[in-house]
Trainee: 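Pasting in a structure now, in structure tokens, and then I'll have a few things to ask.
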Number of protein chains: 2
Amino acid sequence: MKMSDRKRKILQIVVDEYINTAVPVSSKSIAEKHLTDVSSATVRNELASLEELGYLTQFHTSGGRVPSPQAYRFYIEELMEKGNLSEKDLDYIEKAFAGKSNDVEHLVRSVSKVISELTDYTSVGIGPHADEEKIRNIALLSCGDGNALLVIVTGARILRDSFIGIPEGMTDEDLDNASRVIAKLFEGKALSEVKDVEEEVLAEFGQYRQVMHEVIDALKSYTRPRDEDVVLTGAEKIFNHPEYDDIDNVKNFLTVISSKDKLAEIIGDENDEIQINVKIGSCDDKDVPEDCSVVTATYSAGGKSLGTYGVIGPIRMDYHKVITVLENVGKALEGIVGNKDNKDGKHGKDE
Amino acid sequence: MKMSDRKRKILQIVVDEYINTAVPVSSKSIAEKHLTDVSSATVRNELASLEELGYLTQFHTSGGRVPSPQAYRFYIEELMEKGNLSEKDLDYIEKAFAGKSNDVEHLVRSVSKVISELTDYTSVGIGPHADEEKIRNIALLSCGDGNALLVIVTGARILRDSFIGIPEGMTDEDLDNASRVIAKLFEGKALSEVKDVEEEVLAEFGQYRQVMHEVIDALKSYTRPRDEDVVLTGAEKIFNHPEYDDIDNVKNFLTVISSKDKLAEIIGDENDEIQINVKIGSCDDKDVPEDCSVVTATYSAGGKSLGTYGVIGPIRMDYHKVITVLENVGKALEGIVGNKDNKDGKHGKDE
DNA sequence: GTTAGCACTCTCATCTCATAAGTGCTAACG
DNA sequence: CGTTAGCACTTATGAGATGAGAGTGCTAAC
């Protein structure tokens, strides 16, 4: 069934108004402020009809109308008025990423911070899955105290390191050699492939089998997601939104965001097809609290994933602002990472 | 003025009772449950006197008594009944640290988690200051894309790394050489000394001065505390304590713990003399919220600092439990880190 | 020094009541 | 047939009012 233009208009007004004020919207206020050519009674009829269609709900008879999750979805897809960020905000993004250290952990932190600051919501970020990353460099460095440090760098500039126990009698030279052999064996391989070549590699190491075992275990452990890869910024921002004057909502919210596992699940199921993903209430994901929404974007540049980022906040979220911020941050990232890769490429040629 | 034994006893009862129940303590309940040989009127007189001495306060005339910060302090120093953890808790600590990866970041995370789990309060941890750490290993690894990875390991097993831009024309061999030179120059030096030798070192590098500049900048940056070194665990635990049924308290608390800077300041001013440090309300530290207490312990083993850890929670905190947990965690850490160093020592000799 | 007794204070939950906001329905209008 | 004015109905909200309960301070007697 096609919705009449007037219904669409009214629905848009209700959602806009509710997002801005957090107050249920009445027929009177619509007729007075936005649709001056009809009476409140007419609006009332339309509202009743929209309620029947499932777009609006009432807390109680005399409480005005509030959008349903379905209304928010429709709003995002068809009603929301597009428009870009202010100069100030664009500038802020620009400056935030200028001259940033370029490993993934720092990137995740600054992206998350920027998103939280600009949207005024709590932001969540998670770096790219190490899983399918190719090992670009791997080295074993002597620590001189019975341990060596295993360091790897992946294509997407993810860093991982572990201490590896060194057997008595293994000299620094031995270690250097082992390091070179390991580099030959693993560079260019994806972390997920390590387990496939395990047997083969171990066979090559007669003498220092034990070391190799530890190295392989470490590499395998890098494919597992880590709590510390999930970054949360601006938890306190929820207090800027009136739904969190209520202690139970706060409790609920804080419990969810305290569990990095849960957070990773909520923002983590990457759907590369969709750039921006909106989950409204628990309809779309049972791990999202009923009264919350989660908007995420998965970024990539030059074919490399840069992770998934988003905001979590009240279902009455400023979707337009949030989506616009996510889009612009994405563009900015593409810009700087793209440029950097060009520069790198040049270097490569010259060498 | 010396306090009478009965006053001490009554004060102890009030603090114990209030810590357990969160309900202001009345003269009647004391006389009935704990001091059956005197009447409530007698207790009443003593309570009035303790109030005059500054140990107790009342919210309102008919509200029973509540300990003042001064009372908590006195309680901790003189009244609190000592006693160790349950077998179960001791076991938990034991198991938690067994077979843990041994770099500092992971250690900080698990220590903080253990403390939060056992105490049921929000826990904060911060690793040792990198500032005075000696560089044990330093290496520059080629990444083959116009960047190199600078990695350092310090005496206390702190890891730091940065990407360093490599000028066109610098080959992998050049890099290897540079890495060796850098190792010779910096190994054994404290990070805080780097700035002192800056000029001297730069003089040695004619050709790759720029690289060296970046290396030194990176090293200098490692002395600065980083947000990510402050670890927070169990923020949601505050909801287990009734003072945080009140939204304003939650807001206050969450705002403080959201700022890593603030947290670092609160738990950070290390006083090596004192093993366990208790800050009660804002009397002892203006950054601590009025209704909160912070108990911290600074750990070290084998002469190396292991960081500062603690809990932050309501001023009505189970100080005995918290202090006992912190003490036992300290002992456990000494145990495992001590052992590990012995083992390392042996290796050293054998090599 | 201790205690019983009692007046006093303050909180808290409950109830009532009036007000305000908003709706749904009906009947009239163009 | 869509639109509108009018009105009865529902519900939240905030302001008293009230009574019970808890705890204290004080006084006088032991």
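Numbered from 1 within each chain, the chains take letters A, B, ... in sequence-line order.
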Trainee: Picking from V230(B), T296(B), V231(B), what satisfies side-chain contact (heavy atoms from CB on, under 4.5 Å) with I126(B)?
Mentor: V230(B)
Trainee: Suppose we call a contact any N or O donor and acceptor under 3.5 Å apart; does that hold for the side chain of T61(B) and the base of dC10(C)?
Mentor: no
Trainee: Take H60(B) and R6(B), find for each the nucleotide of DNA chain C with the closest heavy atom, and name the residue whose nucleotide sits nearer the 5' end.
Mentor: R6(B)
Trainee: Taking only Lys NZ, Arg NE, NH1 and NH2, and the carboxylate oxygens of Asp or Glu, determine whether K113(A) and D227(B) approach each other closer than 4.0 Å.
Mentor: no
Trainee: Okay, side chain of S68(B), backbone of G54(B): is any donor-acceptor separation there less than 3.5 Å?
Mentor: yes
Trainee: Quick one: look up who dA27(C) pairs with, Watson-Crick or G-U, both distances under 3.5 Å, and put none if it's unpaired.
Mentor: dT4(D)
Trainee: Classify the ring geometry between H241(B) and Y121(B) as parallel (under 30°), tilted (30 to 60°) or perpendicular (over 60°).
Mentor: parallel
Trainee: Provide, to the nearest angstrom, the distance between the CD atom belonging to E46(B) and the P atom belonging to dT2(C).
Mentor: 7 Å
Trainee: Mark yes or no for whether R73(B), through its side chain, and V278(B), through its backbone, hold a donor-acceptor pair below 3.5 Å.
Mentor: yes
Trainee: Might you work through the side chain to side chain donor-acceptor pair (under 3.5 Å) test for S123(A) and T233(A), ending with a clear yes or no?
Mentor: CA-CA 5 Å; S123(A) 153; T233(A) 316; 4.8 Å; no
Trainee: Could you tell me how far apart L47(A) (CG) and dT23(C) (P) are, to the nearest whole angstrom?
Mentor: 7 Å
Trainee: Taking any atom under 4.0 angstrom from a heavy atom of chain A, which nucleotides of DNA chain D are the first and last to qualify, 5' to 3'?
Mentor: dT3(D) to dA12(D)
Trainee: Which parts of residues 20-43 of chain A get close to DNA chain C, meaning a heavy atom less than 4.0 angstrom away?
Mentor: V25(A), S26(A), S27(A)
Trainee: Please check if atom NZ in K251(A) has more than 12 non-hydrogen atoms from other residues, nucleotides or ligands closer than 6.0 Å.
Mentor: yes
Trainee: Out of the candidates D5(B), L47(B), L56(B), only one should pair with I10(B) under the side-chain contact (heavy atoms from CB on, under 4.5 Å) rule; please name it.
Mentor: L47(B)
Trainee: With both distances kept under 3.5 Å, what pairs with dC30(D), Watson-Crick or G-U wobble?
Mentor: dG1(C)
